Number of protein chains: 2
Amino acid sequence: MLTKKKKRWDDIPGCSLEAALNVIGGKWKGVFLFHLLDGTMRFNELSRLAQGASPRLIVKQLRELEEDGLVNRKVYAVVPPKVEYSLTEEGHSLHNILHALSEWGDLWVDNHPVEPVTKP
Amino acid sequence: MLTKKKKRWDDIPGCSLEAALNVIGGKWKGVFLFHLLDGTMRFNELSRLAQGASPRLIVKQLRELEEDGLVNRKVYAVVPPKVEYSLTEEGHSLHNILHALSEWGDLWVDNHPVEPVTKP
DNA sequence: CAGTATCCCGGATGATACTG
DNA sequence: CAGTATCATCCGGGATACTG
C-alpha cells in the first residue's frame, strides 16, 4: 500500500526553483521566516506580523513551514498555553536569500511607486 | 480624479519581502525569469518550459512580469508573428537571487524526498 | 506563431464564532 | 493563549476552441 502525501510541490516541473518558491511563497511565509531569523516567537507575535490575517491562515502557514522542515514548534505544557516557533537549521539556511529578497523588494517598491496618479 | 490600478501587491504589509515574492512568485515566473537570464526567448520556447500550461496563463504571467518592469516584449512586424522576450536591467538584478533560490531548492528537494513510502 | 475568448473548478483565503 | 470549526468567497489556473 502506498501513502501518498499531497505536497504543494508535487507538480515540480523539474525545476528546483519552483520548489523553493513553493516552500517560501505562501502568503505570510516570507514574513514569518524573515522575522524568525532573529529568534523564537510566540503565536501571538507572529499574528501581529500578519496584520488582519485570521488565525486559521496563520496556523496553516506555520504548519506547512513545520512540515517542510523550516520551522520548529515547541509546546509548553503550561496554562495558559505557550507555544514557541523557531527556525530549524534548514530554515536558517535561507538567511541570505531572505535578506536578499527583502533588499531587492525594498528597491523595487521604491522604483515602482504605487499608483494612484492624479489625472487632470 | 484618481486612477487606481489594481496591483497584486496592493496589500503590502509593510514588508518589502512580501512585495518581492509577489513579483516573482507567480506559477511560472521564476522559471521564466531564470531561463531568460541566458538571453531572449520567443513565446513558444517559454511555452515549452511551462509544460502543460495553457497559453492563457503563460501570457498572463509574461504580461505581469512586463508590467512589473522585469521583462521586455519586442514584437516584430513580420508574418508569421515573432515576439521576443528578454530581461530588463531590473530583471537582471534578480540574477543572484534566482540562482540562490535554484540552488537552495535543489538541496531542499534532495533532503525532502517525495513520498510515497511503501508501508508494510 | 502568438496569442484571444469562454467557461469553469478547486484550493487558497476571509469572516466569525467557539474552546481546552 | 493558541488554536478549531464552519461557512462563504475569490481568483489563480485549467480546458478547450478560435484567429490575425
Side-chain angles (χ1 to χ4, degrees), chain A residues 4-13 15 18 21-32 35-36 40-68 71-86, chain B residues 5-13 15 18 21-32 36 40-68 71-86:
Chain A
K4 172 82 175 188
K5 252 178 107 186
K6 162 85 170 167
K7 296 266 181 178
R8 270 147 294 110
W9 37 277
D10 249 357
D11 52 351
I12 46 171
C15 186
E18 258 332 84
L21 287 176
N22 282 334
V23 172
I24 70 173
K27 179 94 179 186
W28 297 100
K29 291 185 182 177
V31 180
F32 289 162
H35 285 267
L36 284 172
T40 78
M41 290 191 147
R42 301 184 59 173
F43 186 86
N44 258 358
E45 305 182 86
L46 292 166
S47 299
R48 253 170 269 128
L49 293 178
Q51 265 298 24
S54 61
R56 202 191 94 148
L57 179 55
I58 299 174
V59 172
K60 197 189 162 212
Q61 305 285 307
L62 289 171
R63 291 288 194 280
E64 290 180 357
L65 289 172
E66 198 188 350
E67 254 188 68
D68 288 339
V71 161
N72 285 317
R73 178 166 170 271
K74 182 167 186 183
V75 182
Y76 293 85
V78 298
V79 40
K82 174 177 175 182
V83 178
E84 278 183 350
Y85 293 89
S86 60
Chain B
K5 251 178 109 186
K6 160 87 170 163
K7 296 265 182 180
R8 271 147 294 110
W9 37 278
D10 249 357
D11 52 352
I12 46 171
C15 184
E18 255 337 81
L21 286 176
N22 283 335
V23 172
I24 69 174
K27 180 95 179 187
W28 297 100
K29 292 185 184 177
V31 181
F32 289 163
L36 284 172
T40 78
M41 290 191 146
R42 300 182 60 173
F43 186 87
N44 258 358
E45 305 183 85
L46 292 166
S47 298
R48 253 169 269 129
L49 293 179
Q51 265 298 23
S54 62
R56 199 191 97 146
L57 179 55
I58 299 176
V59 172
K60 197 186 163 215
Q61 304 284 303
L62 289 171
R63 290 288 193 281
E64 290 180 358
L65 289 172
E66 198 188 350
E67 254 188 69
D68 288 339
V71 161
N72 284 317
R73 178 167 171 270
K74 182 167 186 184
V75 182
Y76 294 85
V78 299
V79 40
K82 174 176 174 181
V83 177
E84 279 183 349
Y85 293 89
S86 59

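These numbers were taken from a predicted model, which means no experiment stands behind them. Proteins come first, then strands; the chains are lettered A, B, ... in the order of their sequence lines, and each starts at number 1. Atoms considered below: every heavy atom in the structure, side chains included; atoms not considered: hydrogens, waters and symmetry mates.
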- line: Here the distance between atom C1' of dG3(D) and atom CG of Asn44(A), to the nearest Å, is 10 Å
- prompt: Touch check for Tyr76(A), heavy atoms < 4.0 angstrom, all strands: base, sugar-phosphate only, or nothing?
  reply: nothing
query: In the strands shown, is dG20(D) matched to any nucleotide by a Watson-Crick or G-U wobble pair with both distances under 3.5 Å, and which?
result: dC1(C)
field: Distance-only donor-acceptor test, Arg56(B) side-chain atoms vs dG14(D) base atoms, 3.5 Å
entry: yes
query: With respect to the phosphate group of dC1(D), does any side-chain polar atom (N or O) of Tyr85(A) fall under 4.0 Å of OP1 or OP2?
result: no
query: Just checking Gln61(B): base, sugar-phosphate only, or nothing, at a heavy-atom cut-off of under 4.0 Å?
result: sugar-phosphate
field: N/O (side chain, Lys60(A)) to phosphate O (OP1/OP2, dA12(C)) under 4.0 Å
entry: yes
task: Flag the pair Phe43(B) / Val59(B) as yes when at least one side-chain heavy-atom distance between them is below 4.5 Å, and no otherwise.
output: yes
query: Side chains of Leu57(B) and Trp28(B): does their closest heavy-atom pair fall under 4.5 Å?
result: yes
statement: Note: for Val83(A) and Ala53(B) on DNA chain D, the residue whose nearest nucleotide lies more 5' is Val83(A)
query: In whole Å, what is the span from the CG atom of Leu46(A) to the P atom of dA2(D)?
result: 9 Å
Selected nucleotide, minimal atom distance to Ser54(B) side chain, candidates dT16(D), dG3(D), dG14(C): dT16(D)
- request: May I have the distance from Glu84(B) (atom CD) to dG3(C) (atom C1'), rounded to whole angstrom?
  value: 16 Å
- prompt: In a check of side chain to side chain donor-acceptor pair (under 3.5 Å) between Tyr76(A) and each of Arg42(A), Glu84(A), Lys82(A), which one passes?
  reply: Glu84(A)
query: Could you give the CD1-to-C1' distance, from Ile58(B) to dA2(C), as a whole number of Å?
result: 11 Å
field: Worked verdict on Asn44(A) versus Arg48(A) for side chain to side chain contact (heavy atoms under 4.5 Å, CB included)
entry: CA-CA 6 Å; Asn44(A) 258 358; Arg48(A) 253 170 269 128; 3.6 Å; yes
query: Think Arg42(A) has a side-chain N or O under 4.0 angstrom from the OP1 or OP2 of dG3(D)?
result: no
pair Lys29(B)-Leu21(A): side-chain heavy atoms closer than 4.5 Å: no
query: Using a cut-off of 4.0 Å on non-hydrogen atoms, how would the nucleic acid contact of Pro81(A) be classed: base, sugar-phosphate, or nothing?
result: base
message: Just the rounded figure in Å: distance from P of dG13(D) to CG of Leu62(B).
response: 13 Å
Partner nucleotide of dG14(C) by Watson-Crick or wobble geometry (both distances under 3.5 Å): dC7(D)
- request: Measure from CG on Leu57(A) to C1' on dG14(C) and round the result to the nearest Å.
  value: 9 Å
message: Nearest whole Å is fine: how far is dA2(D) P from Glu45(A) CD?
response: 8 Å
field: Length of the line joining Phe43(B):CZ and dG3(C):C1', which is rounded to integer Å
entry: 6 Å
